[in-house]
Amino acid sequence: MIPQHRWQNYPTSIFSVMSAEANAVGAVNLAQGFPDFNGPEEVIQAAGDAMKKGLNQYAPAIGIKTLREAIQHRYQQSYALKYDSELEVTVLSGATEAIWCAVQAFCGPGDEAIGIAPFYDSYPAACYAGGATLKTVALRPPLWKIDADAIERLVTPKTKMILVNTPHNPTGRVLTRAEMEGIAGVARKHDLIVMSDEVYEEIVFEPSVHIPMASLPGMHERTITISSTSKTFSFTGWKVGYACAPAALTEGMRRVHQFTVFCSATPLQHAMVRAFELGEDYYKQFRADYRQRRDKLLAAIRAAGFDAPAPEGTYFISGGYDRLAPNVNDMKFSLDLVRKNKLATIPLSPFYLPGDPVAKDLRQVRFAFCKTHETLDKAGEILENLSGFTTGNSPRGTL
Ligand SMILES: Cc1ncc(COP(=O)(O)O)c(C=O)c1O
């Protein structure tokens with residue numbers, strides 16, 4: 001008999017489910033959060049050059065020195081945050097591996113972590129793998145505001161870590177200074193570690209400003225900041241992420257990292273050194289491009305009858321479909337949208353713990369706008385055909 005008691009607690013990712021649905025009908029895929037365009041050409045060139053130069057064997061487990069130095073420089077330049085590239089900066093295989101290592105290093109059986117739902121779906125899996133219990137504060141639309149008191153109410157003597165994500169997937173919120181201060185206050189008061197997942201730090205729309213958790217008073221020493229080149233340079237398939245944290249926290253993560261993947265892909269690390277040399281014009285253009293894409297998709301979504309606040313950051317829009325299909329749960333709504341209208345989105349309820357009462361009545365789906373204008377225009381056409389649909393019947397079938 002094949003034992004199932006362990007793996008059955010890892011759900012099939014909703015991203016895989018919806019992408020399979022999208023592929024089956026040839027749908028426009030706004031479900032998965034990856035760009036359908038390439039990152040900068042010179043970075044691709046640098047990867048090829050590194051391979052041809054023979055930089056194809058294992059890298060040092062903690063990451064190649066030049067990339068760690070580039071990351072150190074970027075934190076100093078962007079936020080005046082100081083990290084020692086030898087002891088406090090680690091390259092990992094994507095933010096996903098960094099999250100995994102952070103949780104395994106500090107949360108074990110009997111420990112508790114506090115998360116904020118909706119969350120990236122690797123957080124509960126990482127807690128489960130470590131044997132730790134994840135407790136969550138559930139945010140509600142349309143404001144998705146964080147209440148630090150609600151976080152504090154979940155703290156017990158077993159709590160080790162708070163898992164934070166800003167800019168926030170899937171809501172598109174950029175947490176305000178007051179919200180970040182609130183979370184920081186709880187962490188300081190109860191002597192907790194904060195895992196701050198900031199992978200969308202470069203996708204922030206004015207007037208919003210990204211505030212790194214580690215930049216707040218008393219937080220540098222207790223924060224593991226995680227980011228990734230996946231989002232910043234549009235190479236999600238390369239899985240080059242990184243973590244910055246004081247030496248004592250870094251040491252714990254590095255021990256775990258040795259036994260997950262040991263090191264991430266050598267030539268791609270070399271290419272990312274080139275990526276970090278691109279300079280401010282790159283980031284400016286990157287944000288301007290995403291702003292245009294956001295505005296285009298947002299207008300189409302709103303015109304179709306969704307209630308969607310403008311995202312302050314990330315490349316996601318969460319839209320409420322109450323006016324379109326008032327009594328339909330989000331899984332059914334997304335499945336019908338992809339099967340009948342050939343538009344793939346992600347329902348938001350899987351971003352909550354199973355059974356969370358807030359998730360039950362959510363009626364929200366996530367649209368990704370990290371797509372070419374051509375893809376967004378196609379999505380726009382589909383959405384246009386949905387407009388006027390208020391009674392349970394869409395022009396092309398019942399949702
Ligand atoms: C909030 C958040 N954290 C982490 C990740 C994973 O990043 P990576 O591709 O570097 O593993 C994602 C990817 O979608 C994300 O949305």
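What's counted below: heavy atoms across the whole structure, side chains too, no hydrogens, waters or symmetry copies. Numbering of ligands and ligand atoms starts at 1, following listing order.
For atom 9 (O) of ligand 1, the closest non-hydrogen atom of the protein is S230 OG, 2.9 Å. Given atom 8 (P) of ligand 1, the protein heavy atom at minimum distance is A95 N, 3.4 Å. Protein heavy atom in closest approach to atom 13 (C) of ligand 1: K231 NZ, 2.7 Å. Closest protein heavy atom to atom 3 (N) of ligand 1: D197 OD2, 2.6 Å.
Residues F205 and Y290 place their aromatic rings such that the two centres sit no closer than 6.0 Å. The aromatic ring centres of Y79 and H210 sit less than 6.0 Å apart. For F316 and Y200, the ring centers sit closer than 6.0 Å to each other. Taking the six-membered ring for Trp, F233 and F276 have ring centres closer than 6.0 Å.
Of all the listed residues (F34, F316, Y120, F15), Y120 holds the heavy atom that lies closest to atom 4 (C) of ligand 1.
Few gaps surround CD on Q4; more than 12 heavy atoms of other groups in view lie less than 6.0 Å from it.
At least one N or O atom of K239, backbone or side chain, sits closer than 3.5 Å to an N or O atom of ligand 1.
Looking at T372 and E374, their side chains never bring a donor and an acceptor atom within 3.5 Å of each other. Looking at N385 and E381, their side chains never bring a donor and an acceptor atom within 3.5 Å of each other.
In the vicinity of Y200, heavy-atom distances shorter than 4.0 Å reach the ligand 1 atoms 1 (C), 13 (C), 14 (O), 15 (C), 16 (O). Those atoms of ligand 1 that come under 4.0 Å of a heavy atom in S228, given as number and element, are 8 (P), 10 (O). Taking every heavy atom of N165 and a limit of under 4.0 angstrom, the matching atoms of ligand 1 come to 1 (C).
If you look at H168 next to ligand 1, there are no close heavy atoms at all, none under 4.0 Å. Contact annotation: for N169 versus ligand 1, heavy atoms closer than 4.0 Å belong to the side chain alone.
In this structure, the side chain of R293 does not engage the main chain of L376 through any donor-acceptor pair within 3.5 Å.
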